[in-house]
Amino acid sequence: MTKFEALGLDKPLLDAISDLGFESPSEVQEKSIPILLEQETDLVALAQTGTGKTAAFGFPMIQKIQQDSRTTQGLILSPTRELCLQITNELKLYSKYVKGLNVVAIYGGASITEQARQIKRGAQIVVATPGRMKDMIGRNMVDISKIDYCVLDEADEMLNMGFYEDIKDILSNTPKEKFTWLFSATMPKEVATIAKKFMHKPIEITVGSKNAGASTVQHEYYVVGGRDRYAALKRLADANPGIFSVVFCRTKRDTQRVAEKLIEDGYNAGALHGDLSQNQRDLVMNSFRKKQVQMLVATDVAARGIDVDDVTHVINYQLPDEIETYTHRSGRTGRAGKSGISMVIVTRSELRKIKAIEKKIQQEFLSKKIPDGIEICEIQLYHLANRIKETKVNTEIDSYLPAINDVLEGIDREELIKKIFSVEFTQFYNYYSKTKDLNSQDSGKGTGSGKGDIPTEGSVRYFINVGERDGYDWMSLKDFLRDTLNLEKEDVYNVDTKDSFSFFNTDAQLTEFILQTFTDFKLEGRFINVEVSKNPGGGGGKGGKKRRGRKGGGGGRRGGNKSYKGGKKGGYGKKGGKKKQGFY
Ligand code: ADP
Ligand code: MG
């Protein structure tokens, strides 16, 4: 018996679950599904984003619905069109072996008559945004007077968005003797009010601690001058070549402006906000899902609930007004048990907001430094080297080889490598070598060393040629270094793992010893190379950080040569967004 079977789910669902590759239920699923299957009850379930709430209500609802009746029996309300479509798609996948079950999505911005037609054909489950739902009730296009189950999904956000009155109206069209299941990431007063007003003795379940952010997310902040926000954003992106991120701005205008600037600078970016037409929003969301857009710049409302896995970074270009909102933002990453990073760009005057958020999410932020130009160049350079190494050779090139050989005659291997790298690297380097330190306050620590010398004072940053693809994250790499070097806990810090290489710091007194230890050092037959990084800095703060390089996934970014001169305009990442060869 599988774990899902033990929850009381029937074969059609179990088959779909195995097709989906879900191995075991998540906590919120484990807690809600048996209750909802066995009891007719109201339920309030609090769980962070990305914990599988859709299936927690979706599985029981699908199993309880009579698919041979065409009556609408289940209603799911969700705050946004994107989320509405997402839930509908998930439910369709879950119910693929349940014959005759129709799930219909109704939401604004699309043809209401078409949606009415779909309802008319028989929709046992309707997934709706509140606005369109009210509209359709008003026009007698949908009948929810016989529903058995009503789900309020992302209830906190629906209330945030001012849907209270709409929800009240909609619920007044439903029968009294139905059961209401409320799902929410957080439990602000307003949600408690809804639960009190519209629900009858709900069973309450909580996963994790109330209002806590996802623990798989690391929170970092970067202090910069107010005018350097954009430059800082660019550096954060450049320092993370595989970035796949949602960038949050406070207003629609800023969202549009930042996205436009990024696109102009050659990034695969797109804007998502309420002033765009539905068609534009769909386009950008599709590109984002396909990872053609690597940086989705969004307002809180537009991005709410979007379930795109593998988001590596959430970047708070500006902090939100409400602390609750921060929880929702950072919940866009670290989904389904993966780790993620939530970065906040702040000015000094906003620092107390960080403290307030820390208190709310009960997690500490790491204070980090915006990487300087040299560190970024290093990262990009090694990234490029690895990309070259991993590129599959295109055999079509064979026939051109004689001609290419003619052109490159007389250039030896080393020279050739240097030239190849210079093609991509020089422009990048030129851009960054002229840039200033963006960090608002100085950490004061540096190596003070000249090229090639072994630094003797301050903190020293090292490059090491192992990274996440070798199975390390910052914690395990730190352990490895400490064990190998026989050091104390605090001796190794600012460990920063990338895909195929990493950085770390020690105090300069240890440098000679470290370089010596790693001379001709072999691990499992492979040379481990440690060098003093040209970049003295590295993050501030304690610990170090965990980073997930996103492997594969399309969407080349940064037409290296073009990026910093302004490339193509507009386009929200359509046309595949793929630039020629980016600087990797
Ligand atoms: P939430 O509504 O809590 O934010 P979702 O329902 O959108 O979370 O689920 C997040 C992701 O996790 C989705 O991609 C979903 O398909 C996946 N998922 C849900 N349940 C499981 C499970 N039991 N095992 C593996 N993946 C799951
Ligand atoms: Mg959800």
Side-chain angles (χ1 to χ4, degrees), residues 46 48-49 78-80 82-83 130-131 154-167 184-194 210-214 217 219-230 232-233 236 245-259 271-276 295-306 311 313-334 340-365 367 440:
L46 299 179
Q48 299 152 9
T49 328
S78 84
T80 63
E82 276 80 18
L83 200 51
E154 309 259 10
D156 49 355
E157 185 59 15
M158 284 201 283
L159 296 172
N160 257 348
M161 291 172 63
F163 283 134
Y164 179 82
E165 288 299 323
D166 284 349
I167 292 172
S184 188
T186 60
M187 184 76 167
K189 274 195 303 295
E190 296 78 3
V191 174
T193 309
I194 284 253
K210 281 184 197 181
N211 294 331
V217 177
H219 304 266
E220 305 176 346
Y221 69 87
Y222 297 80
V223 187
V224 302
R227 265 174 296 155
D228 289 330
R229 267 186 217 277
Y230 180 72
L233 173 65
L236 291 175
S245 64
V246 186
V247 179
F248 285 98
C249 297
R250 216 153 30 190
T251 64
K252 293 176 198 167
R253 227 177 110 234
D254 285 344
T255 302
Q256 182 66 26
R257 198 176 48 90
V258 169
L272 187 72
H273 57 73
D275 281 351
L276 299 172
M295 301 178 79
L296 181 71
V297 191
T299 56
D300 291 298
V301 169
R304 184 58 209 279
I306 288 172
V311 169
H313 295 76
V314 162
I315 303 182
N316 294 263
Y317 185 78
Q318 295 142 335
L319 272 177
D321 292 325
E322 304 284 324
I323 294 177
E324 295 278 349
T325 310
Y326 179 82
T327 315
H328 293 310
R329 287 183 175 185
S330 55
R332 297 300 108 223
T333 186
I341 296 175
S342 174
M343 300 171 151
V344 183
I345 303 174
V346 283
T347 58
R348 309 204 69 175
S349 62
E350 294 173 309
L351 277 175
R352 63 197 157 77
K353 285 198 191 170
I354 296 286
K355 288 270 165 289
I357 294 172
E358 279 182 333
K359 222 165 144 195
K360 188 81 170 188
I361 63 175
Q362 288 171 29
Q363 261 180 281
E364 258 182 64
F365 272 78
S367 155
S440 210

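Every heavy atom of this structure was used, including side-chain atoms; hydrogens, water molecules and symmetry mates were not.
- For the pair Ala232 and Val224, the tightest heavy-atom approach, listed with the atom from each and the gap, is CB-CG1, 4.0 Å.
- In terms of the ring pair (Phe, Tyr, Trp, His ring centres under 6.0 Å) criterion, residue partners of Tyr326 (sequence neighbours excluded) are, by chain and number, His219, Phe365.
- In terms of modelled atom types and a separation under 3.5 Å, the side chain of Arg229 and the main chain of Tyr317 share a donor-acceptor contact.
- Every residue two or more places apart in sequence or in another chain was checked for a salt bridge (charged side-chain N to carboxylate O under 4.0 Å, His left out) with Arg253, and none qualifies.
- With sequence neighbours excluded, the residues forming a side chain to side chain donor-acceptor pair (under 3.5 Å) with Lys252 are Asp275, listed by chain and number.
- Residues passing the salt bridge (charged side-chain N to carboxylate O under 4.0 Å, His left out) test with Glu190: none are found, sequence neighbours excluded.
- The side chain to side chain contact (heavy atoms under 4.5 Å, CB included) check on Asp321 picks up Arg250, with sequence neighbours excluded.
- Taking the side chain to side chain donor-acceptor pair (under 3.5 Å) definition, one finds that Thr193 meets it with nothing, sequence neighbours left out.
- Take Asp166 and apply the side chain to side chain contact (heavy atoms under 4.5 Å, CB included) test, not counting sequence neighbours, and it matches Pro130, Lys134, Phe163.
- The two residues Val311 and Arg332 have their closest heavy-atom pair at CB-O, 3.4 Å.
- For Asp254, the side chain to side chain donor-acceptor pair (under 3.5 Å) partners are Thr251, Arg257, Gln318, not counting sequence neighbours.
- With sequence neighbours excluded, the residues satisfying side chain to side chain donor-acceptor pair (under 3.5 Å) with His328 are Asp156, Arg304.
- Listed by chain and number, the residues in a side chain to side chain contact (heavy atoms under 4.5 Å, CB included) with Ala298 are Val246, Leu272, Ala303 (sequence neighbours excluded).
- Annotation: salt bridge (charged side-chain N to carboxylate O under 4.0 Å, His left out) contacts of Lys355 (sequence neighbours excluded): Glu358.
- Glu322 meets the side chain to side chain contact (heavy atoms under 4.5 Å, CB included) test with Thr325; sequence neighbours excluded.
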